[in-house]
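Here is the structure we will look at.
Because the structure is a prediction, the values reported are computed rather than measured. As a basis for the values below, the full set of heavy atoms in this structure was taken, side chains included, without hydrogen atoms, waters or symmetry mates.
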Amino acid sequence: MKPRSPDPTCRAKGKRLRTLRGLVRHYILTKRPRAQHELDSFSKQSFEEALERAALARHENGKRFGHQTRLREPVLRKAADILLDGAKELHRCRSFDQLHKLIKEQLSGMRGLGELYYYDTALRISAPVHLLPKRVYLHRGTRDGARALGLDWRADWLDSLDLPRELAVLEPHEIEDFLCIYRLWLRPGMK
């Protein structure tokens, strides 16, 4: 069975994209603008505003992000309250790694949240304070993408040096997005 196209526009003159370079180019042309717009919308807010919106997993229009549609509203509200109570400590973080780790610590023991929520929330909160990740964090879909490429999918994160060179044109947070979106198209040794 052939993998479904991650996007109906994932065709080049009627031919499926089959190379890693082609998929990266497709990401840059069709997915990067959306992802950048999302981060830009958070960077225009104060830290506290971005923190609350990120914790509630809301687009700028108030609708929930697709990655978090299965999370229950009371769980998100409680997470937002906890993170807002610890906002000063979160704001003092000097790297994405610190921010991500602190979010996980502050929300530890809460049922209904997981790796993807911690990462997405940290990424969105990092925008106003310019603390984007320096490595590629793995969780759910990104693990599948890393595994499909034959990478160490069991790790918590991957260093850029561990990745195929075709991905070097993407920032670490974009590689995370790419691995998730194109996971069904990837395979070991792809160039």
Side-chain angles (χ1 to χ4, degrees), residues 6 20 23-24 27 31-32 35-36 38-39 42-43 47 50-51 53-57 65-72 75-76 78-80 82-83 86-87 89-190:
L20 190 54
L23 290 173
V24 168
Y27 176 85
K31 307 298 181 188
R32 180 187 264 171
Q36 191 57 53
E38 180 182 316
L39 284 181
F42 280 95
S43 67
F47 183 78
L51 174 58
R53 195 174 123 219
L56 293 172
F65 285 108
H67 279 139
Q68 280 83 34
T69 54
R70 292 184 176 170
L71 298 177
R72 293 180 30 235
V75 172
L76 292 173
K78 184 176 179 184
I82 290 168
L83 293 176
E89 192 176 0
L90 289 167
H91 198 252
R92 284 194 295 265
C93 290
R94 293 293 163 240
S95 71
F96 182 86
D97 294 337
Q98 285 180 330
L99 183 63
H100 184 259
K101 182 179 177 187
L102 187 54
I103 287 170
K104 284 173 63 175
E105 287 172 5
Q106 288 183 350
L107 299 177
S108 68
M110 269 196 73
R111 295 177 59 93
L113 301 177
E115 292 178 308
L116 180 59
Y117 176 82
Y118 302 141
Y119 175 81
D120 282 350
T121 303
L123 181 64
R124 293 167 185 149
I125 293 169
S126 75
V129 290
H130 311 290
L131 295 177
L132 294 175
K134 303 253 187 268
R135 46 192 179 185
V136 180
Y137 282 76
L138 298 180
H139 50 76
R140 294 187 61 112
T142 58
R143 284 188 195 287
D144 293 342
R147 185 180 202 174
L149 281 176
L151 303 172
D152 183 7
W153 59 275
R154 291 185 176 114
D156 291 332
W157 51 267
L158 296 173
D159 192 352
S160 299
L161 299 174
D162 301 329
L163 303 171
R165 63 185 156 96
E166 290 81 3
L167 297 177
V169 297
L170 302 176
E171 295 295 324
H173 66 280
E174 293 176 322
I175 296 170
E176 178 274 336
D177 197 27
F178 174 86
L179 289 174
C180 188
I181 292 170
Y182 297 96
R183 66 189 178 276
L184 298 176
W185 286 75
L186 303 174
R187 62 189 182 282
M190 232 181 153

_R124 bridged to E38 by N-O distance under 4.0 Å_ = yes

*asked:* I'd like to check L132 versus P172 (side-chain heavy atoms, cut-off strictly below 4.5 Å). Are they in contact?
replied: no

*So, are K134 and D97 salt-bridged, with charged N and O less than 4.0 Å apart?*
no

Listed pairs under 3.5 Å, donor-acceptor, residues 159-167 side chains, sequence neighbours left out:
from: D162; atom 1: OD2; to: D159; atom 2: N; distance (Å): 3.3

*Non-neighbouring partners of Y118 that pass ring-ring contact (aromatic ring centres under 6.0 Å, His included), sequence neighbours left out*: none

*Can you tell which of L113, T121, L102 makes a side chain to side chain contact (heavy atoms under 4.5 Å, CB included) with L107?*
L113

_Would you compute the distance between atom CZ of F178 and atom CG of L20 and round it to the nearest 0.5 angstrom?_
5.0 Å

*Rounded distance (nearest 0.5 Å) linking atom CD of E89 with atom CG of L83*: 11.0 Å

*Compare every heavy atom of D177 with every heavy atom of A35, then report the nearest pair and how far apart it is.*
CB-OD2, 3.9 Å

*Mutual orientation of the aromatic rings belonging to Y137 and F96 [parallel < 30°, tilted 30-60°, perpendicular > 60°]*: perpendicular

*Are F65 and Y117 close enough that some pair of their side-chain heavy atoms sits under 4.5 Å apart?*
no

*When rounded to the nearest 0.5 angstrom, what is the spacing between CG in D120 and CD in Q68?*
4.5 Å

*Quick one: pull up CZ in F42 and CG in L51 and give me the separation to the nearest 0.5 Å.*
10.0 Å

*May I ask you to test the W157-E176 pair for a side-chain heavy-atom distance under 4.5 Å?*
no

*asked:* Could you measure the distance from the CD1 atom of I103 to the NZ atom of K101? Nearest 0.5 Å is fine.
replied: 13.5 Å

*Find out whether R32 and L170 are in side-chain contact, i.e. whether some heavy atom of one side chain is under 4.5 Å from a heavy atom of the other.*
yes

*Could you give all pairs that pass the side-chain hydrogen bond (donor to acceptor under 3.5 Å, both in side chains) test and reach residues 143-155, with sequence neighbours left out?*
E115-R143

*Got V169 and Y27 here, is their nearest side-chain heavy-atom distance under 4.5 Å?*
no

*Taking every non-hydrogen atom, the tightest pair across L138 and A146*: CD2-CB, 4.1 Å

_Shortest non-hydrogen contact between I125 and P128, atoms and distance_ = O-CD, 3.0 Å

_If I compare all heavy atoms of S43 with all of A127, which pair ends up nearest, and what's the gap?_
CB-O, 3.7 Å

_Give me the atom names and distance for the closest heavy-atom approach of I82 to Q106._
CG2-O, 3.4 Å

_Stepwise side-chain contact (heavy atoms from CB on, under 4.5 Å) test for L179 and L149_ = CA-CA 9 Å; L179 289 174; L149 281 176; 3.8 Å; yes

*Report yes if some heavy atom in the side chain of V136 is under 4.5 Å from a heavy atom in the side chain of T142; otherwise report no.*
no

*What is the distance from atom CZ of R94 to atom CG of L99, rounded to the nearest 0.5 Å?*
11.0 Å

*Give a yes or no answer on whether the side chain of R53 reaches the backbone of A50 with a donor-acceptor pair at less than 3.5 Å.*
no

*Looking only at heavy atoms, what is the nearest atom pair of F47 and A87, with distance?*
CE2-O, 3.6 Å

